[in-house]
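This report refers to the structure that appears directly beneath it.
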Amino acid sequence: MAVKEYIRERFFPHMWCPGCGHGIVLNGLVRAVEELAINKNELVIVSGIGCSSRISGYVDFHSLHTVHGRALAFATGVKLSKPKLNVIVPMGDGDALSIGGNHFIHAARRNINITALVMNNRTYGMTGGQYSPMSGVGVKATTAPYSTIDNAFDCVELARAAGASFVARTTVYHVNQLSELIKKAIVHDGFSVVEIFSQCPTYFGRKNKQGGAVDMLKIFKEKTVLIGSDKKKDNPALMERGIFVEKELPEYCKAYDEVIARARKA
Amino acid sequence: MDSQKIVFTGSGGQGLITAAILLGEAAVLHEGLEAVQSQSYGAAARGGSTRSDVIISNRRINIPKAFQPGVLICLTQEAYNTYSSIIRPGGLLITDKRYVKVARKVDARQVELNLYQTVLERVGTPVVFNISVLGALIGMRPMVRKESVLQVLAERFPPSFAKSNTEALELGFELGCVCQDEI
Amino acid sequence: MATTCFVQGNEACSLAAMYAGLDFFAGYPITPSTEIAETLSARLPEAGKKFIQMEDEIASMCAIIGASLTGSKVMTATSGPGFSLMQESLGYAVMAEIPCVIANVQRGGPSTGNPTHVSQGDVNQARWGTHGDHSIVTLTASNHQDVFNMTVEAFNIAETYRTPVILLFDEIVGHMREKLVIPEPGEIELVERLRTSVREGVNYHPYLPREDGRLPMSDFGGVHRYNVTGLYHDMWGFPTDKGELVDGLIHHLVKKIDYAADAIAHHVPYYLDDARTMLISYGSSARSALSVVEQLRRRGERIGLLELQTLWPFPVQLVRDYARDKEYVGVVEMNMGQLINSVKLAVDNPRRVYLINRVDGRLITDKDIKQTLRVIAGQGV
Amino acid sequence: MSKKKLKDHLINRDWCKGCGICVAMCPKDVLVLDGDEKAMASHPEKCIACRQCEKMCPDLAIEVITEDAHGKEE
């Protein structure tokens, strides 16, 4: 395993808390990139702000650590300007779906060939455990001492409705599926979204009495099923994992090439 | 040549801004003059009131707005009511009978054209009304040559418009020249 | 042969950007700047280059920063409300030293204000709109030839100093049409991006200035994989909170622009040699100021105009030198007094600096200026 | 394809934060946390080289080294 070829070892140990699921996402991402044997010089990682976004500093790609919520907008500039680059955008749930929600749906609408990884731990970890748009109703957070009343998004349905041509979901417990889905998302020619349930034992776990990292991983195991599983029929509350959308649609940068062709003909 | 200040007023969609641009462009590109064109914008793209100012001079033009224009063209009653007072005393106020009933309250020579009707009868389409207004203007006040405007029309519009544009400009120009004798 | 055309100021800005080698534009429609996006949406694809209409101004500013890092010359255009939205990422471009050009065609404000009327109310926002200590370059112009020149200069400064450059035009200049002579290619010198000569495998430091102060860049997609962040960072671009590194970074960001103030102090003096009264103005109000100066000169008054085209960094030395022998200075601007504060700080006798303004969305006229001048001179209205 | 055999667990003690995920997720109880709260292979002989610990380690601190039947390192 040549994982170390793809990381910046001098910054390890990383800054995430013990047992943080984001490290497992990093692990799966690096594994996926290694298996795809992508030239590191053609890989750009663009991230926003939050615990998740620190992932960009740890990988030995071209790395762009931007402002909160706008990573996809920066990434759109990178990709459209130089379409041969592979652009991967890891985001937290607040980064992607709260402050960055508009950029998320518009990147999906354009179907620009960017891989968005939504690392969903249902909280704002960096600022100390406030509730996020993915916390859902009845959750305790440092800004919800009486528990939340806000509904959560369904990230998969949002991405699908907005026009993403690859949409998948998994958890950091399902590590083999994790790197497989990231690989498929990177290879997919269009906007791809992988929502990854990730645990924050420090804030979400503690506040909501879910136990430590191991206990939270077990919850991911128990509360999710593969798409199409019979278990879902018996227990509709189970969250499905797998690929929800995978279709060929015109990719934005390629469509833009046609604009250039039309402009030159005119 | 002293500065010529012309203000076109009417409603959006009448093509007045285009006429103003054509005038400025003819002066700059084909007469070696300086020109500035500006327009006031309303929120509505069509149907709102429109004003476009053109200043033509052989010197640098500092202030781009024509506060007291020597020529004022009003092509709606509303524009006439609103703007007729801004004309420079002794200036030229041009209206079209189709759109404006004049009240003769200002100190200006007022010329009432019957241009819209004539264009409809002779060219067959009201689309080129603005071009004929421009023709009438330079017929009355030869600030740029007709040939310069024809050249700009040829550069700006596809060949399919050439015939009706030329007819409209000539028609307006003729009427303008006739009026020039009267004013 | 240079080409002569009769265009809007916004078109002049667009044509200049193309002349300067613009590769990538991202923007969002907003009056009175929209013609820049419209013109470039036609021109850029013709040249095989990129135009994108983003979902908002925030995204537009972010997208041009991303594109710049791949080696593109980039630009966005907006007006007041959009400029407000861009401030966070504008600060990012300052911090990460990203060459980019932001055209702000000013309208009335605050808030939605008046989209179709003139104002010069964003002068201080251009300087201090984003948070934190920083320096910034802001250029402006009063006529289309200068709009062209200053736009090309904006790209040149952006590349030279690795900095965002703001073009601060106004509604009058943006929307009016006048003559523009487009120079031949090569007639105006262009500054191209300075790229590192460091070879693959050798340590490249994206934030280590050369002896001349310039920082050679490496395009994303090239052989050097480095980090770009809005956090305080070291010479590799990685976050740091070490005191001496942070101190060095902040000083570098401010000094690289402020030390260049004299070199980039673009201005036009009119009749200042023997003037006893000096007007200072910029943008469309400088046209009215010049009209006044010419009228009063014809009456024998010794008055002149200093038209500033570089607003930030404020040309302190230039203004101080011109103001030295003047009885008084009138600053003509269409706001409640923004640039005048810097003028007062620059001159020896700030009590002889007067504001001549108009803020009702109409162009300040020669009459307005003359009336205030009479008041200043104690001659009554 | 010949079956992979464990050669070694490389555990980077500087990176390991002692979260215990590897210990809990190992199907064969190979790993434990030692007195310093760092992962350690206490029963390497039971390892089936499934790499679950390697893939699930949030600290990227574990590498499972295997060899094939001919003793070639993988």
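Residue numbers start from 1 in every chain, and the chains themselves are labelled A, B, ... in the order their sequence lines are given, proteins ahead of strands.
Within a 6.0 Å radius of CD in C:E244, other residues, nucleotides and ligands contribute more than 12 heavy atoms. Residue C:N203 places its CG atom among more than 12 non-hydrogen atoms of other residues, nucleotides or ligands, all under 6.0 Å distant. More than 12 non-hydrogen atoms from other residues, nucleotides or ligands lie less than 6.0 angstrom from CZ of A:F244. Annotation: C:R199, atom CZ; neighbour count of heavy atoms from other residues, nucleotides and ligands within 6.0 Å does not exceed 12. Residue C:F238 places its CZ atom among more than 12 non-hydrogen atoms of other residues, nucleotides or ligands, all under 6.0 Å distant. More than 12 non-hydrogen atoms from other residues, nucleotides or ligands lie less than 6.0 angstrom from NZ of A:K40. For CZ of A:F153, the number of neighbouring non-hydrogen atoms (other residues, nucleotides, ligands) closer than 6.0 Å is 12 at most. Annotation for C:D133: atom CG does not count as buried by contact number, only 12 or fewer foreign heavy atoms lying within 6.0 Å.
Partner C:F220 forms a side-chain contact (heavy atoms from CB on, under 4.5 Å) with one of A:V87, A:L64, A:L43 and no other, that one being A:L64.
Between chain C and the options A:S47, A:S63, A:A73, A:A263, heavy-atom pairs under 4.5 Å are most frequent for A:S63. Annotation: maximal heavy-atom pairing with chain C below 4.5 Å, among A:D257, A:V46, A:N86, A:T66, occurs at A:T66. Note on C:R43, C:M61, C:E46, C:M95: by heavy-atom pairs under 4.5 Å with chain A, the leading option is C:E46. Among C:S218, C:G222, C:A59, the residue with the largest count of heavy-atom pairs under 4.5 Å with chain A is C:G222. Annotation: maximal heavy-atom pairing with chain C below 4.5 Å, among A:V44, A:D60, A:L72, A:N102, occurs at A:D60.
Using a 4.5 Å cut-off between heavy atoms, A:R110 touches chain C through its side chain atoms alone. In this structure, chain A has no heavy atom under 4.5 Å from any part of C:A96. Contacts of C:D23 with chain A are absent, with no heavy-atom separation under 4.5 Å from either backbone or side chain. Using a 4.5 Å cut-off between heavy atoms, A:V259 contacts chain C through both its backbone and its side chain. For A:K79, no part lies under 4.5 angstrom from a heavy atom of chain C.
Atom CZ of A:F74 is separated from atom CD1 of C:I98 by 8.5 Å, given to the nearest 0.5 angstrom. Note that the OH atom of C:Y92 and the CZ atom of A:R70 stand 14.0 Å from one another [nearest 0.5 Å]. The distance from the CG atom of C:N227 to the CD1 atom of A:I45 is 10.0 Å, given to the nearest 0.5 Å. Interatomic distance, CH2 of C:W236 versus CZ of A:R8, reported as 12.5 Å (0.5 Å rounding). In this structure, the separation between CG on A:N41 and NE2 on C:H224 is 9.5 Å, given to the nearest 0.5 Å.
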Let's go through C:I52 and A:Y252 carefully: what are the C-alpha distance in whole Å and the side-chain angles of both, what is the deciding distance for side-chain contact (heavy atoms from CB on, under 4.5 Å) to 0.1 Å, and is it a yes or a no?
CA-CA 10 Å; C:I52 185 169; A:Y252 192 80; 3.4 Å; yes
Run the numbers on C:E55 and A:I105 for side-chain contact (heavy atoms from CB on, under 4.5 Å), then give the verdict.
CA-CA 10 Å; C:E55 53 271 25; A:I105 58 174; over 6 Å; no
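Looking only at side-chain heavy atoms (C-beta outward), C:K50 and A:K82 stay at 4.5 Å or farther from each other. Taking the side chain as every heavy atom from C-beta outward, A:H62 and C:V228 never approach each other to under 4.5 Å. Counting only heavy atoms from C-beta outward, the side chains of C:D56 and A:H106 never approach each other to under 4.5 Å.
Considering all non-hydrogen atoms of both residues, A:Y256 and C:K49 come closest at OH-O, 2.6 Å. When every heavy atom of A:L85 is checked against every heavy atom of C:G221, the shortest pair comes out as CD2-CA, 3.5 Å.
Interface with chain A: from residues 63-78 of chain C, residues C:A63, C:I65, C:G66, C:A67, C:L69, C:T70, C:S72 qualify, criterion being any non-hydrogen pair under 4.5 Å.
Residues satisfying the side-chain contact (heavy atoms from CB on, under 4.5 Å) test with A:E5, not counting sequence neighbours, are A:A2.
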